[in-house]
Amino acid sequence: MRITAVKVIVTCPGRNYVLVKVETDDGLHGWGDATLNGRELAVAALLEQHIAPLLIGRDPDRIEDAFQYLSRGSYWRGGPIQMTAVAGVDLALWDIKGKRAGLPVYSLLGGKCRHGALAYAHASGSDPEAVLDRVRQLADRGFKVIRVQVDVRGPGLRGTYGVGAAGPTEQSLPREEIWEPAPYRRAIPPLFEHLRSRLPEDLELIHDVHERLTPIEAAGLARDLEPYHLFFLEDPLRPEHQDSFRVIRQHTTVPLAMGELYFSKWEALPVIAGQLIDYIRCDLGHVGGITEGRKIAAIAEAYSVKTAWHGPGDIGPILHAANVHLDLSVPNFGVQEMVFFNEPVREVIPGGPTFENGYLTVADAPGLGTDVNEAAAAKYPYRRAYLPTTRRLDGSVHDW
Ligand code: KDG
Ligand code: MG
């Protein structure tokens, strides 16, 4: 069996997705997701110009070899663009392997450890009462774990990362937000006080700091949140601050999660091996795919760290499916972030995980259980879009 073609589609059914199709000479093909929010065309160019020619004629069964060859063989290694491109190929090869074996990918990974993956969705709002309304809607829908974010307003402040639409704005430049740590630090504990005094004890809550605080600020916030027993506090520090997680640990027992800005097991290793975090939440689409993700999970297992793979709306249903295949098959799974996709996305990328009563499952279909409708994808051309940029009140770019 040989690879005959590698095709890349960039489509925007509401937001941009980079989809990779690997075709073989026996008629099987696989689909992967290589979406990198705000840098989609850089990944597409790397795949089309540099990676596709390397794959033609290779045996698609040799996934580990493809991972090593593409991530190290170029001499240049790591980084979001390269590891997202590798992930797109990796997922497509796992999809082919499953189709060839007639088995779902979770079965190739060792089989199910659990019947479903505990899932969480996002509740955001302009004030604590609006967040509470949204939390109640999600709890009514069956969620047992919910991430809560509140818009932090104040003199000269506008916008809060993680609240509001992040899709294409048709602007030629990134949206700019003004953000200060002090009003943010003041706003989050009252949010949790509001929610905890009105919600059932057993409803689990998460908060995402988006790497914006200094170590001592993060330690203070985590300590202030201790009475509200969070499921975890996510990404309190910038990814370069690996050793600084010790500062937070010295002050609090709030469970910590980190990882969506790591691009390999090497970056995840210090916080896992130091037991500085409790949940590793890399993005399978940015660490090179299932092949690297299952190794990160195995390293984490040895240190009692659980998985919580990144699962926002800017990665597509194929990657969400890969998340759940791994969630079902590793012993140290913790929780899975998820979104509900709108109709245009479901038309372009049919299949993907199913949510029921708090848990995600995938179909027993061979491979990842997802597909791409190429004619539908062609109806939604790429639209340039950026993630927002954050500045302080004095006009400087925020140091995060
Ligand atoms: O592209 C950036 C988003 O994926 C990120 O802002 C979402 O932090 C995020 C999360 O935890 O889902
Ligand atoms: Mg996050």
Side-chain angles (χ1 to χ4, degrees), residues 12 14-18 33-43 79-81 83-84 87 119-124 134 138 143 145-151 159-169 174-175 177 179 184 188 204-213 218 221 230-239 241 245 255-263 267-268 271 277-287 307-320 322-323 334-341 345 353 360 383-390 398 400:
C12 187
R15 55 193 314 162
N16 293 308
Y17 296 109
V18 180
D33 184 344
T35 306
L36 181 62
N37 197 356
R39 293 292 184 272
E40 297 86 358
L41 299 187
V43 181
I81 292 172
M83 296 320 291
T84 302
Y120 75 86
H122 300 180
S124 305
R134 182 75 187 127
L138 290 171
F143 282 96
V145 188
I146 298 169
R147 189 190 89 165
V148 293
Q149 307 292 127
V150 71
D151 201 354
T160 287
Y161 197 74
V163 177
T169 57
R175 182 163 51 90
E177 296 178 350
W179 192 89
Y184 169 74
I188 301 307
E204 299 281 4
L205 300 175
I206 286 171
H207 178 68
D208 189 352
V209 181
H210 286 109
E211 309 94 4
R212 290 191 167 198
L213 296 177
L221 177 64
L230 272 64
F231 189 85
F232 61 62
L233 183 67
E234 176 182 337
D235 290 4
L237 303 178
R238 52 195 285 174
H241 272 164
F245 277 84
L256 301 174
M258 183 71 191
E260 66 187 63
L261 288 178
Y262 296 154
F263 307 114
E267 287 163 294
V271 287
I277 60 168
D278 304 283
Y279 294 87
I280 181 70
R281 40 177 291 98
C282 294
D283 188 315
L284 295 186
H286 303 335
V287 295
T307 66
W309 308 127
H310 192 219
D314 54 78
I315 57 172
I318 300 175
L319 197 49
H320 281 265
N323 281 339
V335 73
Q336 181 57 58
E337 182 183 27
M338 65 162 287
V339 291
F340 292 106
F341 288 102
V345 177
L360 284 166
R383 291 157 71 196
R384 184 149 54 112
Y386 294 93
L387 283 159
T389 292
T390 311
H398 181 50
W400 61 317

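We count ligands from 1, going down the list as the structure has it; atoms in each ligand are counted the same way.
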**G259 to D235 - nearest heavy-atom pair and separation** = N-OD1, 3.5 Å
**Fill in**
Tightest non-hydrogen contact, residues L284 and A87, listed as O-CB, 3.6 Å
**Asked** With a cut-off of 4.0 Å, which atoms of ligand 1 are near a heavy atom of R281?
**Response** 10 (C), 11 (O)
**Prompt:** If you round to the nearest 0.5 Å, how far is CD of E204 from CG of L230?
**Reply:** 9.0 Å
**Request:** Identify, by atom number and element, the atoms of ligand 1 in contact range of D208, meaning under 4.0 Å from any of its heavy atoms.
**Result:** 8 (O), 9 (C), 10 (C), 11 (O)
**Request:** Mark up the atoms of ligand 1 that fall under 4.0 Å of a heavy atom belonging to H310, in ascending order.
**Result:** 4 (O), 5 (C), 7 (C), 9 (C), 10 (C), 11 (O), 12 (O)
**Mutual orientation of the aromatic rings belonging to Y17 and F341 [parallel < 30°, tilted 30-60°, perpendicular > 60°]** = perpendicular
**Asked** If you take all heavy atoms of F263 and M83, which pair is closest and at what distance?
**Response** O-CG, 3.4 Å
**Item:** Near the Mg ion (ligand 2) (under 2.8 Å) - protein N, O or S atoms
**Value:** D208 OD2, E234 OE2, E260 OE1
**Message:** Is it the case that the side chains of R15 and T35 hold a donor-acceptor pair, with the cut-off being a distance below 3.5 Å and no angle test?
**Reply:** no
**Message:** For H122 versus R134, what's the shortest heavy-atom pair and its separation?
**Reply:** O-NE, 3.9 Å
**Request:** Measure L387 to ligand 1 on non-hydrogen atoms and call it side chain, backbone, both or neither using the 4.0 Å cut-off.
**Result:** side chain
**Message:** We want to know whether H320 and Q336 form a side-chain donor-acceptor pair, criterion being a heavy-atom distance below 3.5 angstrom.
**Reply:** no
**Request:** Please indicate whether any nitrogen or oxygen in E260 is less than 3.5 Å from any nitrogen or oxygen in ligand 1.
**Result:** yes
